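This report refers to the structure that appears directly beneath it.
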There are 2 protein chains.
Amino acid sequence: MATDPQMRSPETYGEIDPRIEALVHDLIAQVADKWTMILIEVLHDHGEQRFTRIAEKVPGISQKMLTQTLRQMERNGLVVRTIHPVVPPKVEYRLTDLGVSLGEAFCGVWTWAEDHLETVETARRGFDGRATA
Amino acid sequence: MATDPQMRSPETYGEIDPRIEALVHDLIAQVADKWTMILIEVLHDHGEQRFTRIAEKVPGISQKMLTQTLRQMERNGLVVRTIHPVVPPKVEYRLTDLGVSLGEAFCGVWTWAEDHLETVETARRGFDGRATA
DNA sequence: ATTTATACTAACCAAAAAGAGAGTGTGAAA
DNA sequence: TTTCACACTCTCTTTTTGGTTAGTATAAAT
């Protein structure tokens with residue numbers, strides 16, 4: 001019995017390099033993150049923006065999450081952060097090419113969701129109906 | 001000040017139907033879920049499998065998460081669950097066409113991650129280096 | 001002299017998600 | 001007769017996540 005998650009049995013779904021896999025999961029988890037997706041969208045549609053302008057365009061986000069998400073995106077090279085040394089502070093965020101390309105890669109999933117919206121909702125209703133009965 | 005997340009100002013990134021958007025986020029959040037992705041992969045590579053066989057192929061997953069994730073996938077129409085009324089119980093899970101198509105839609109992101117792995121890691125090292133300095 | 005704007009960080013708290021472990025029903029094998 | 005396999009469910013605890021609030025520096029505007 002392999003209780004150690006580090007240990008992989010030969011039966012483990014395993015032709016893929018675990019390093020790649022980790023990064024893939026990681027990246028997808030981050031991008032699929034509610035806010036990251038929205039921020040990519042906003043930055044793509046409106047171009048370079050400063051902190052408060054972004055916040056205004058994303059209702060419901062807290063300062064904390066905005067900062068956190070932008071930092072993460074910066075760390076991954078999805079945005080560049082430009083500090084203008086003026087007072088009051090001015091910081092601008094811009095999508096990098098990498099950020100843009102990630103947005104595009106995600107279009108596949110996005111359009112899948114649009115295309116199969118009805119199917120999924122029908123499946124859900126069916127399942128919920130069966131469960132109630 | 002619009003503190004109500006339901007209320008959308010005209011400046012809100014807003015040409016998209018919010019119903020579609022909600023479902024898209026929802027779906028992506030679910031698919032991007034660590035386990036769902038892995039389960040799609042396993043079921044795709046190995047075909048119809050029963051509960052314990054799946055568990056063996058996914059080290060680190062708890063019974064709880066396996067059940068939960070499979071149920072969610074079933075509800076969304078990504079898998080079908082077949083109960084064989086024997087004892088001890090035998091339940092098999094199979095990817096639906098919808099499930100397969102979702103896996104394919106996700107390939108774009110998957111390959112993006114593979115293609116840009118180096119870029120992302122470099123960006124991270126740069127960021128972390130700057131932070132330490 | 002007080003207020004305002006900006007882009008944050010830090011501390012604290014509540015809620016949600018996930019893990020661990022025990023329990024369940026049943027028939028066949030030992 | 002005890003044990004075992006299977007596919008769970010239930011409960012309890014831990015971890016993670018996110019929100020809220022307060023605070024900071026500084027110069028310009030009032």
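A note on names: the letters A, B, ... follow the listed sequences, proteins ahead of strands, and every chain is numbered from 1. The structure presented is a predicted model; accordingly, all values stated were derived computationally and were not measured.
When DNA chain C is scanned 5' to 3' for any atom under 4.0 Å from a heavy atom of chain A, the first and last hits are C/dA5 to C/dT9.
Looking at every heavy atom in both residues, A/Gln49 comes nearest to A/Arg53 through OE1-CB, 3.2 Å.
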Would you list the protein and nucleotides 24-27 of chain D atom pairs, both N or O, that sit under 3.5 Å from each other?
none

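Taken from OG1 in B/Thr52 to CD in B/Gln63, the straight-line distance is 8.0 Å, to the nearest 0.5 Å.
Using a distance-only test at 3.5 Å, with no hydrogens or angles considered, a donor-acceptor pair links the side chain of B/Thr96 to the main chain of B/Gly77. With B/His46 contributing its side chain and B/Val42 its backbone, the two residues share a donor-acceptor pair below 3.5 Å. Using modelled atom types, one side-chain atom of A/Thr111 and one backbone atom of A/Gly108 make a donor-acceptor pair closer than 3.5 Å. No donor-acceptor pair closer than 3.5 Å links the side chain of A/Asn76 to the backbone N or O of A/Leu78. One N or O on the side chain of A/Ser101 and one on the backbone of A/Leu98 form a donor-acceptor pair closer than 3.5 Å.
Atom NZ of A/Lys34 and atom P of D/dG18 are 9 Å apart (whole Å).
For the ring-ring contact (aromatic ring centres under 6.0 Å, His included) condition, the pairs that include at least one residue of residues 113-133 of chain B, sequence neighbours left out, are B/Trp112-B/His116. For residues 115-125 of chain B, the pairs satisfying salt bridge (charged side-chain N to carboxylate O under 4.0 Å, His left out) are A/Asp26-B/Arg124, with sequence neighbours left out.
DNA chain D lies under 4.0 Å from at least one heavy atom of each of the following residues of residues 62-85 of chain B: B/Gln63, B/Thr67, B/Arg71, B/Arg81.
Between A/Glu41 and A/Trp110, the closest side-chain pair of non-hydrogen atoms falls below 4.5 Å.
Direction change of the helix axis from one end of the helix from C/dA1-D/dT30 to C/dA30-D/dT1 to the other is 30°, with five pairs defining each end axis (rounded to 10°).
The same ILVMFWY cluster, assembled from side-chain heavy atoms under 4.5 Å apart, contains both B/Val100 and A/Val120.
In this structure, B/Phe51 and B/Tyr93 have tilted ring planes: the angle between them lies in the 30° to 60° band.
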